[in-house]
Trainee: 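I am attaching a structure below and will ask some questions about it afterwards.
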Amino acid sequence: MPSPSAAPVLKPIRDRDIGARTLAVVTDNTQQSPDAHGPHSAIPADLPTQYAPAEVEGKLYERWVEAGWFEADAKSGKPPYTIVIPPPNVTGSLHLGHAFQHTLMDALTRRKRMQGYEALWLPGMDHAGIATQNKVEQQLGEEGRSRQDLGREAFVDRVWQWKQEYGGRILGQMRRLGDGVDWSRERFTMDEGLSRAVQTVFKKMYDDGLIYRAERIINWCPRCLTAISDIEVEYQDDDGELVQLKYGDGEESVVVATTRAETMLGDTAIAVHPDDERYQHLIGKQIKLPLTDRTIPVVADSHVDPEFGTGQVKVTPAHDPNDFEIGRRHDLPMLTVMDERGVITAHGPFQGLDRFEARSAIVAALREQGRVLQEKRPYVHSVGHCSRCKTTIEPRLSMQWWVKVAPLAKKAGDAVRDGRTTIHPADMASRYFDWVDNMHDWTISRQLWWGHRIPVWYGPEGEVVCVGPDEQPPAGEGWHQDPDVLDTWFSSGLWPFSTLGWPNETPDLAKFYATDVLVTGYDIIFFWVARMMMFGTYVMDEPPFHTIALTGLVRDEHGKKMSKSFGNVVDPLDWMDAYGSDALRFTLASGANPGTDVPIGEDWVKASRNFANKIWNATRFALMNGATVEGALPDASEMAATDRWILSRLNTVLAEADGYYEDYQFAKLADALRHFAWDEVFDWYVELSKTTFARGGRAAEVSRRVLGEILDVTLRLLHPIVPFVTEELWTTLTGGESGESIVVAAWPQDSGFRDAAAEAEIATVQQAVTEVRRFRADQGLQPGQKVPADLALAGTPLVAHEEAVRQLLRLQPAGEGFQATASLPVAGATVSLDLSGAIDVEAERKRLTKDLAAAEKELAQTGAKLTNEAFLAKAPEHVVDRIRGRKAAAEADIARLTQQLDRLA
RNA sequence: GGGCGCAUAGCUCAGCGGUAGAGCGCCUGCCUUACAAGCAGGAUGUCACUGGUUCGAUCCCAGUUGUGCCCACCA
């Protein structure tokens with residue numbers, strides 16, 4: 001609520017008891033300026049000339065929430081419109097990427113709400129298993145403690161505490177952004193209901209044979225001490241060392257290459273290609289493995305590429321995924337030589353060494369034996385890193401739970417193929433298909449504490465005895481629950497229906513599933529989008545979204561990725577503080593070309609702030625001049641051409657805007673609205689209206705109503721993108737009838753009114769005014785300088801606008817002693833000016849000459865085209881017509897310019 | 001190694017077969033009583049390169065170069 005000391009801002013009129021509804025005014029100011037323009041103009045003297053977002057935003061947001069406008073009703077008869085938020089990780093705070101996507105989602109739901117849909121934007125957060133656990137462990141580390149010190153239960157409690165604190169920060173940021181989410185439906189992936197959904201799906205998949213347990217090579221993070229899935233591994237080029245090692249001696253020796261020499265301790269075979277003639281004699285032989293007392297066989301396996309290196313490969317089944325497969329094929333022993341932290345466990349001199357220490361120690365030892373034949377250093381190769389902590393991944397043999405992906409992915413792919421779900425923009429669909437059509441099985445168990453514990457209980461022999469959620473573990477000793485938790489993406493994959501109450505058949509689920517659109521970045525197609533599609537089609541038998549609208553990533557003003565190491569990360573709060581939430585939102589929307597990255601810089605936010613301020617001041621002007629939305633719009637027959645023109649344009653823009661909204665073309669939308677509002681309404685229409693208002697009478701009355709209409713509709717069109725400033729102004733403009741708010745105002749509709757004649761007429765006025773302005777500027781006339789002029793406008797569209805033209809151009813009537821020293825033909829009329837000898841003949845001649853040259857060039861070009869028979873024969877008629885038109889225009893220009901030049905001489 | 005995308009004004013990007021556009025920046029002049037967070041006027045581009053298709057190409061096709069991203073079990 002505003003405090004009395006707050007700077008004056010526009011307030012809703014209902015805060016004051018004002019009789020005249022045609023006027024909306026501010027605050028507690030009682031001073032009124034002289035009535036300059038008639039009975040409607042009672043204006044406080046100190047009306048602020050700048051929009052102050054900080055004064056408005058918090059207050060409005062609280063009002064919206066209190067009014068319950070963002071709360072959806074599952075029982076309403078209105079058609080549903082649903083968006084579930086991509087739940088931000090509780091780990092942190094929202095960045096510009098969130099602000100960007102939230103702006104789009106908010107705009108979509110706000111518009112649909114105004115259109116009469118039961119609009120639900122469901123908020124929530126993701127527990128982000130590994131990420132959050134790492135953060136909390138880090139925090140503990142600073143206290144000199146580890147999670148093991150706390151124990152599982154205490155540690156999980158600690159994470160919940162953390163969630164309370166940081167989750168709140170995220171919610172606060174969403175409020176600042178103006179997110180119109182339904183707070184009564186806020187969800188968290190670790191909530192009881194969502195946990196139950198997780199267990200229920202797990203059970204169903206287990207029963208359907210889609211979840212299984214298997215020992216395989218997985219990506220292991222020796223720092224996080226957990227398995228991670230393929231897509232959680234980030235590959236980057238690292239400098240390493242490729243060494244060629246000689247195993248065995250004499251005839252029966254082989255040379256293998258490796259970048260991970262330490263794994264040789266776990267070698268259990270040498271492999272060569274079965275058809276490799278060089279090595280036929282070796283197949284089946286035993287080779288002495290250096291540094292150990294073991295001998296290993298040479299096996300033939302077609303996986304080996306004879307062209308690569310020596311064509312002889314060391315095989316370490318327990319520490320390399322390919323070798324694991326070879327090992328399986330040849331029934332080799334799986335020898336694990338490292339523990340979960342990457343420390344060597346194999347007996348011998350290297351035991352207890354870290355894997356990297358062991359690597360150099362082993363190479364050194366082999367070198368001493370003369371077994372290192374070649375060393376390439378640096379050897380740049382691609383190495384997997386944990387996406388959470390950047391530690392080098394260690395492939396590790398381990399027992400894990402898996403999801404059998406193929407059947408699920410098939411359904412997920414089909415949903416897009418058969419059109420039940422549309423991917424937007426369409427060319428992003430290929431990325432989606434690439435993934436769902438080639439997905440490997442998914443490791444879902446994680447050796448973490450923070451997350452959904454796997455709902456499986458084992459008996460004393462390690463056998464699975466039951467799978468939750470409804471089965472109780474049997475009584476007796478020796479039963480225990482699986483200690484692992486599920487991959488965080490398992491629960492977020494259920495988000496579109498778990499948040500609506502599934503597995504219960506809730507009214508929410510019936511009303512709001514499937515959701516309408518998913519707005520998210522193309523970077524998580526694999527992590528999240530594909531998985532939601534899999535779970536949705538599998539569990540609900542219906543894909544979770546009708547449309548997947550993919551956004552680009554927010555980048556800095558030079559298109560560079562925002563990252564801490566570049567130091568170019570911006571906290572959205574900083575810009576919101578400085579320029580207002582609307583400014584940030586408008587900027588983000590302006591950059592939103594579907595699927596394309598969005599660069600953003602502070603200057604651009606500033607420019608949007610300027611636009612918000614422009615809207616503010618234009619509305620201020622309108623209010624001062626008595627713009628109103630009271631009563632019906634006057635009949636077109638009563639309107640001046642300016643009124644008909646702007647209403648005609650309004651409807652055109654409205655239709656355009658609707659198209660852009662429906663097509664997620666926010667950049668084009670923002671551009672169209674800014675252009676219409678700023679250039680056409682705030683500039684031309686307002687300027688032209690000034691004359692009308694000054695003159696008064698019925699014409700002024702009509703214009704006041706039209707101006708009110710234009711603003712009313714324009715504000716509503718803008719509201720989904722810039723909710724705050726539009727709300728503040730709209731409630732003022734409309735008098736805030738019965739507590740109404742633009743949030744629940746009806747979306748404007750195209751009335752169908754168009755007036756091509758008026759549009760043409762105003763175009764002529766604009767052209768004429770611009771032309772004379774240019775002349776004035778060329779002549780060096782001060783903009784404020786009044787110039788006596790004689791306007792011969794008879795027979796032109798300008799005749800009805802003489803007064804406005806004179807005012808816009810600072811032209812005085814030709815009085816006594818008028819002497820035309822310059823006269824220029826504009827739009828079929830002639831404007832004669834008395835410049836009292838001040839005319840700059842040279843400047844004008846230069847300009848005319850330049851224009852003449854351009855016109856002659858145009859004439860030559862069009863003339864050539866029109867005598868080109870091939871062109872005439874093949875070009876479509878409308879194109880030929882256009883060229884003819886251009887030629888005629890060029891001829892007219894030449895005649896006019898020649899005449900003007902003659903007159904100058 | 002595969003796949004996809006992009007190269008247009010100083011910057012960031014629209015346009016995608018018929019005379020090159022926007023925002024920001026830049027130059028000039030203005031405190032014109034809604035707004036200097038503003039107003040008026042202005043300048044700026046062999047639309048990466050080379051060929052091809054076409055009456056006509058920034059736009060379609062092929063190749064070249066540069067650049068970005070994604071995928072991959074490169075010992």
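For clarity, every value in this text was computed on a predicted model and none was experimentally measured. Residue numbering restarts at 1 for every chain, and letters A, B, ... go by the order of the sequence lines.
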Trainee: Quick one: is C30(B) close enough that its OP1 or OP2 comes under 4.0 Å of any side-chain N or O from Gln782(A)?
Mentor: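 Yes, such a contact exists.
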Trainee: Consider the side chain of Lys850(A), meaning its heavy atoms from C-beta on, and name the nucleotide among A34(B), G38(B), A43(B) that approaches it most closely.
Mentor: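 It is A43(B).
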Trainee: With heavy atoms under 4.0 Å as the rule, sort Arg810(A) into base, sugar-phosphate or nothing.
Mentor: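 Arg810(A): base contact, heavy atoms under 4.0 Å.
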Trainee: Within the 4.0 Å heavy-atom criterion, would you say Arg609(A) contacts the bases, only the backbone, or no part of the nucleic acid?
Mentor: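 Since a base atom lies under 4.0 Å of Arg609(A), the category is base.
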Trainee: Of the options A14(B), A75(B), G3(B), whose atoms approach the side-chain atoms of Asp434(A) most closely?
Mentor: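 My answer, after comparing the listed nucleotides, is G3(B).
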Trainee: Which part of the nucleic acid, if any, lies within contact of Pro321(A), taking any heavy atom under 4.0 Å across all strands shown: a base, the sugar-phosphate backbone alone, or nothing?
Mentor: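 Contact class for Pro321(A): none.
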Trainee: Have a look at Val686(A) and say if it touches a base, only the backbone sugar-phosphate, or nothing, with a 4.0 Å heavy-atom cut-off.
Mentor: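 Base contact - Val686(A) has a heavy atom under 4.0 Å of at least one base atom.
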Trainee: Could you measure between the two C1' atoms, the one in G42(B) and the one in U53(B), and give it in whole Å?
Mentor: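 The answer is 40 Å between these two C1' atoms.
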Trainee: Ser382(A) side chain: which of A72(B), U54(B), A43(B) is closest?
Mentor: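 Side chain of Ser382(A) sits closest to A72(B).
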Trainee: Does Phe611(A) reach a base, just sugar-phosphate, or nothing at all? Heavy atoms under 4.0 Å.
Mentor: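 Result for Phe611(A) = nothing.
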Trainee: Once you apply the 3.5 Å cut-off to both distances, tell me the Watson-Crick or G-U wobble partner of G1(B), or none.
Mentor: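 C71(B) - that is the nucleotide pairing with G1(B), both distances being under 3.5 Å.
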Trainee: Hunt down the Watson-Crick or G-U wobble partner of A43(B), both distances under 3.5 Å, from any strand shown, or write none.
Mentor: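 Pairing partner: none.
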Trainee: Quick one: the side chain of Arg773(A) and the base of A40(B), do they pair up donor-acceptor inside 3.5 Å?
Mentor: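 Side chain to base: no pair below 3.5 Å.
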Trainee: Has Lys690(A) got a side-chain N or O lying under 4.0 Å from the OP1 or OP2 atom of A34(B)?
Mentor: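 Answer is yes, contact under 4.0 Å.
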Trainee: Separation of Leu242(A) atom CG from A75(B) atom P, in whole Å?
Mentor: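 Rounded to whole Å, this separation is 8 Å.
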Trainee: Any salt bridge linking Arg884(A) with Glu877(A)? Criterion: basic side-chain nitrogen under 4.0 Å from a carboxylate oxygen.
Mentor: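 Salt bridge between Arg884(A) and Glu877(A), a charged N being under 4.0 Å from a carboxylate O: yes.
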Trainee: Nearest-Å distance, CG (Leu781(A)) to C1' (U28(B))?
Mentor: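 Answer to the nearest Å: 14 Å.
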Trainee: Tell me what Ala875(A) touches on the nucleic acid: a base, only sugar-phosphate, or nothing, going by heavy atoms under 4.0 Å.
Mentor: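 Base contact.
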Trainee: I need the Leu550(A) CG to His424(A) NE2 distance, nearest 0.5 Å.
Mentor: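 NE2 of His424(A) is found 9.0 Å from CG of Leu550(A).
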Trainee: Any ion pair linking Arg774(A) and Glu771(A) (charged N to carboxylate O, less than 4.0 Å)?
Mentor: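 Between Arg774(A) and Glu771(A) there is no salt bridge, as every charged N stays at least 4.0 Å from the carboxylate O atoms.
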Trainee: Where the side chain of Asn617(A) is defined as all heavy atoms beyond and including C-beta, which of C35(B), C70(B), G38(B) is the nearest nucleotide?
Mentor: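 Closest nucleotide to the Asn617(A) side chain: C35(B).
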Trainee: Taking pairing as Watson-Crick or G-U wobble with both contacts under 3.5 Å, can you name the mate of C49(B), or confirm there isn't one?
Mentor: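 Per the H-bond distance test, G63(B).
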Trainee: Which is true for Asn613(A) with a 4.0 Å heavy-atom rule: it touches a base, it touches only sugar-phosphate, or it touches nothing?
Mentor: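 Base, at least one base atom sits under 4.0 Å.
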Trainee: How long is the span from the NZ atom in Lys314(A) to the CG atom in Asp323(A), to the nearest 0.5 Å?
Mentor: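 Reported value, rounded in 0.5 Å steps: 7.0 Å.
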Trainee: Rounded to whole angstrom, note down the P distance from C69(B) over to G10(B).
Mentor: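 Here C69(B) and G10(B) have their P atoms 25 Å from each other.
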Trainee: Report the base-pairing partner of C30(B) (Watson-Crick or G-U wobble, both distances below 3.5 angstrom), or none.
Mentor: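 C30(B) is paired, partner G38(B).
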Trainee: Under 4.0 Å between any heavy atoms, over every strand shown, what does Asp305(A) touch: base, sugar-phosphate, or nothing? Just pick one.
Mentor: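 Contact class for Asp305(A): base.
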Trainee: May I ask you to evaluate whether Asn610(A) reaches the phosphate of C35(B), defined as a side-chain N or O under 4.0 Å from OP1 or OP2?
Mentor: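 For C35(B), neither OP1 nor OP2 has a side-chain N or O of Asn610(A) closer than 4.0 Å.
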Trainee: Phosphate oxygens OP1/OP2 of A34(B): is one of them under 4.0 Å from a side-chain N or O of Trp678(A)?
Mentor: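 So the side chain of Trp678(A) is outside the cut-off, no N or O lying under 4.0 Å from OP1 or OP2 of A34(B).
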Trainee: Heavy atoms under 4.0 Å, any strand shown: does Ser590(A) hit a base, just sugar-phosphate, or nothing?
Mentor: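 Counting heavy atoms under 4.0 Å across all strands, no contact is made by Ser590(A).
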Trainee: In this structure, how many angstroms lie between the P atom of A72(B) and the NE2 atom of His303(A), rounded?
Mentor: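 Computing the His303(A):NE2 to A72(B):P distance gives 16 Å.
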Trainee: So, is Arg886(A) near the phosphate of U19(B), with a side-chain N or O under 4.0 Å from OP1 or OP2?
Mentor: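 Answer is yes, contact under 4.0 Å.
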Trainee: Output the rounded distance in Å from CG (Asn868(A)) to P (G18(B)).
Mentor: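 To the nearest whole Å, that distance equals 17 Å.
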Trainee: Without hydrogens or angle criteria, can the side chains of His385(A) and Asp238(A) be said to hold a donor-acceptor pair below 3.5 Å?
Mentor: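 Yes, Asp238(A) and His385(A) have a side-chain donor paired with an acceptor closer than 3.5 Å.
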Trainee: So if I take every side-chain heavy atom of Val879(A) and compare against A37(B), G18(B), C11(B), which nucleotide ends up nearest?
Mentor: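 Closest nucleotide among those given: G18(B).
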Trainee: Which nucleotide in the list C55(B), C13(B), G41(B) gets nearest to the side chain of Pro599(A)?
Mentor: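 It is C13(B).
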Trainee: Given that Lys668(A) and Thr770(A) both sit by RNA chain B, which one's nearest nucleotide is further toward the 5' end?
Mentor: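 Counting from the 5' end, the first nearest nucleotide belongs to Lys668(A).
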Trainee: Inspect the contact between Asp434(A) and Arg431(A) and indicate whether a charged nitrogen and a carboxylate oxygen are less than 4.0 angstrom apart.
Mentor: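 No, this pair does not count.
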Trainee: Within the 4.0 Å heavy-atom criterion, would you say Asp320(A) contacts the bases, only the backbone, or no part of the nucleic acid?
Mentor: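 No contact.
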Trainee: With heavy atoms under 4.0 Å as the rule, sort Val315(A) into base, sugar-phosphate or nothing.
Mentor: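 No contact.
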Trainee: For Glu869(A), which contact category applies under a 4.0 Å heavy-atom criterion: base, sugar-phosphate, or nothing?
Mentor: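 Answer is nothing: Glu869(A) stays at 4.0 Å or more from every strand.
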Trainee: Can you check whether Leu707(A) reaches Asn625(A) side chain to side chain, under 4.5 Å on heavy atoms?
Mentor: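 No, their side chains stay 4.5 Å or more apart.
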Trainee: Have a look at Thr259(A) and say if it touches a base, only the backbone sugar-phosphate, or nothing, with a 4.0 Å heavy-atom cut-off.
Mentor: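 Since only primed, P, OP1 and OP2 atoms lie under 4.0 Å of Thr259(A), the category is sugar-phosphate.
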Trainee: For RNA chain B, whose closest nucleotide is more 5', that of Gln312(A) or that of Arg674(A)?
Mentor: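 Closest to the 5' end, via its nearest nucleotide, is Arg674(A).
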Trainee: Looking only at atom C1', what distance separates C60(B) and C27(B), rounded to whole Å?
Mentor: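 Looking at atom C1' only, C60(B) and C27(B) are 40 Å apart.
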Trainee: Starting at atom CZ of Phe682(A), determine the distance to atom P of G38(B), rounded to an integer number of angstrom.
Mentor: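 Spelled out: CZ on Phe682(A) to P on G38(B) is 13 Å.
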Trainee: Under 4.0 Å between any heavy atoms, over every strand shown, what does Thr258(A) touch: base, sugar-phosphate, or nothing? Just pick one.
Mentor: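 The answer is sugar-phosphate, as Thr258(A) gets under 4.0 Å only of primed atoms, P, OP1 or OP2.
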Trainee: Which one, G18(B), C11(B), C35(B), comes nearest to the side chain of Ile883(A)?
Mentor: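 The answer is G18(B), which lies nearest to the side chain.
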Trainee: In Å, rounded to the nearest 0.5 Å, how long is the span from CZ of Arg674(A) to CZ of Phe586(A)?
Mentor: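 One gets 5.5 Å once the value is rounded to the nearest 0.5 Å.
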Trainee: Paired with A22(B) by Watson-Crick or G-U wobble geometry, both distances under 3.5 Å: which nucleotide is it?
Mentor: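 Pairing partner, where one exists within any strand: U12(B).
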